[in-house]
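I have placed the structure first, in the form of structure tokens, so that the comments after it can refer back to it.
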Amino acid sequence: MDANDALRRYLEQRRELGESELVLDSLSVEEAMKLLGAATGGSKKSAKAPTSTDWRAAVRAAGGAPEARPSLGTSVPPEVLEEVPTLAPRAAAVPATAVHVPSTQTPSAPMVALKDVPTGLIVSGASRALADDIAAKLASIEEIAATVAKCTRCPLYATAKNPVPGTGNPNADFMIVGEAPGANEDEQGVPFVGQAGQLLTKIIGAINLTRDDVFIVNVLKHRPPGNRNPLPEEVQACSPYLVRQIELIRPKVILALGTFAAQTLLETKNTIGKLRGQIHRYYGVPLIVTYHPAALLRNPAWKRPTWEDVQLARRILDQ
Ligand code: URA
């Protein structure tokens, strides 16, 4: 595959992700045109066809700097998510009082002082709207699990083998929200135990936490047949459990994994490319969006942004 093919495949992936715009950091329009083989405004001369198999090398050959995207300043490569499940000393990696919020849409986004991000739960109108739901009266994480085990609010209980209410430390400061159980999770009744789950365990380890330190849940507590996408009515039926879990656990930070969890929690249709790199709030709790580990297995290039996202979440946890 030559550089043009590699670039085309990359752009196709971004488009499949729902991104409609792409910022090529540090690359002028002229340089981008040159890279794509178009005549330049100045000389009308076509650029030499790139010969490298790496599109980034082709961009660099055209005078761009494709890896110059603003980052949180870590010197640790995302490959660490595969190999070394520990983080380099944070003091060296991230400034103490502020983090830069990277975004493909706003490369010059302002610095956000983490001390300004509220912690704990702010009960909003939406939360009170759930007060009549039976889930709002459940007094503990165990009670939620017991209620989920008997739940018939949507038809998924009939096809699932086991309920998957959530796992981890009920006093966790760090909560992770995925989409829905898959086949392995359905077998075991525990979230994120398959291949994606193993990668998630490494991601958690990469910020010096273990699965016992965090609480892991899904938006849906029963597996959709054949891993199909959750339906809106299933999400609506199951959401009170998630809200109550968050109310009881009162995490300092929530990490939403993947488009579905992020769009559901934030009630938005924005793409993950737009949602990641910012501090959102869910019922007042800071919420960071990152790629789903299953997506990382398909596309290892997303490990670097994921690395930055989880570091940001870790920084919030530490404040
Ligand atoms: N994917 C999810 O979103 N959740 C799981 O528990 C497993 C895979």
Side-chain angles (χ1 to χ4, degrees), residues 16-18 81-82 141 144-145 148-149 151 154 156-157 159-170 172 174-206 209-232 234-239 241-243 245-246 249 251 253-268 271-272 275-276 280 282 287-300 302-303 305-306 309-310 313:
E16 277 168 23
L17 258 183
L81 297 182
E82 243 158 9
I141 292 299
I144 294 177
V148 164
C151 184
C154 81
L156 292 183
Y157 76 94
T159 47
K161 290 186 181 157
N162 284 298
V164 186
T167 188
N169 181 351
F174 198 101
M175 198 160 166
I176 299 173
V177 183
E179 178 175 326
N184 294 301
E185 292 75 21
D186 187 37
E187 283 289 340
Q188 299 184 36
V190 180
F192 284 99
V193 288
Q195 229 192 331
Q198 286 163 25
L199 181 53
L200 178 62
T201 303
K202 288 180 180 166
I203 292 170
I204 294 167
L209 295 172
T210 68
R211 283 178 71 112
D212 291 338
D213 294 323
V214 304
F215 199 83
I216 306 174
V217 288
N218 285 305
V219 173
L220 291 193
K221 314 300 191 209
H222 283 105
R223 182 192 184 202
N227 294 349
R228 66 154 167 74
N229 287 340
L231 301 174
E234 293 161 356
V235 174
Q236 200 185 353
C238 219
S239 286
Y241 295 125
L242 177 60
V243 173
Q245 284 173 317
I246 293 171
I249 293 171
V253 61
I254 297 170
L255 183 68
L257 301 176
T259 305
F260 179 82
Q263 290 185 341
T264 302
L265 295 180
L266 297 173
E267 294 183 35
T268 176
T271 62
I272 196 157
L275 294 173
R276 59 165 297 277
H280 304 272
Y282 184 73
L287 182 146
I288 301 300
V289 170
T290 197
Y291 293 105
H292 194 287
L296 297 187
L297 292 171
R298 290 192 298 270
N299 190 343
W302 289 331
K303 283 185 181 172
T306 301
D309 297 334
V310 295

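The basis for the numbers below is simple: all heavy atoms, side chains too, and nothing from hydrogens, waters or symmetry mates. All residue numbers in this chain count up from 1 along the given sequence. Atoms within each ligand, like the ligands themselves, are counted from 1 in listed order.
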Q: Start with the C-alpha distance between Thr167 and Phe215, add both sets of side-chain angles, then the distance that settles side chain to side chain contact (heavy atoms under 4.5 Å, CB included), and finish with yes or no.
A: CA-CA 6 Å; Thr167 188; Phe215 199 83; 5.7 Å; no
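- Judged by distance alone, the side chains of Thr201 and Arg211 do bring a donor and an acceptor atom under 3.5 Å apart.
- Residues forming a side chain to side chain donor-acceptor pair (under 3.5 Å) with Asp212 (at least two apart in sequence, or on another chain): none.
- At least one donor-acceptor pair under 3.5 Å links the side chain of His280 to the backbone N or O of Leu275.
- Of the heavy atoms in Glu179, both backbone and side-chain atoms come closer than 4.0 Å to ligand 1.
- Neither the backbone nor the side chain of Ala196 comes within 4.0 Å of ligand 1, counting heavy atoms alone.
- Atoms of ligand 1 found under 4.0 Å from any heavy atom of His292 (numbered from 1 in listed order, with element): 1 (N), 2 (C), 3 (O).
- Applying the side chain to side chain donor-acceptor pair (under 3.5 Å) test to Glu234 and every residue at least two apart in sequence or in another chain returns Arg228.
- Closest to atom 8 (C) of ligand 1 among all protein heavy atoms lies Phe192 CE2, 3.9 Å.
- Of the options Leu257, Asn218, Ile216, Val219, the smallest heavy-atom separation from atom 4 (N) of ligand 1 is shown by Asn218.
- Looking at Glu185, its side chain does come within 3.5 Å of a backbone N or O of Gly182 through a donor-acceptor pair.
- Near Gly178, meaning under 4.0 Å from any of its heavy atoms, are these atoms of ligand 1: 3 (O).
- Of all the heavy atoms of Ala180, the ones lying under 4.0 Å from any atom of ligand 1 belong exclusively to the backbone.
- Ligand 1 places these atoms under 4.0 Å from at least one heavy atom of Pro191: 6 (O).
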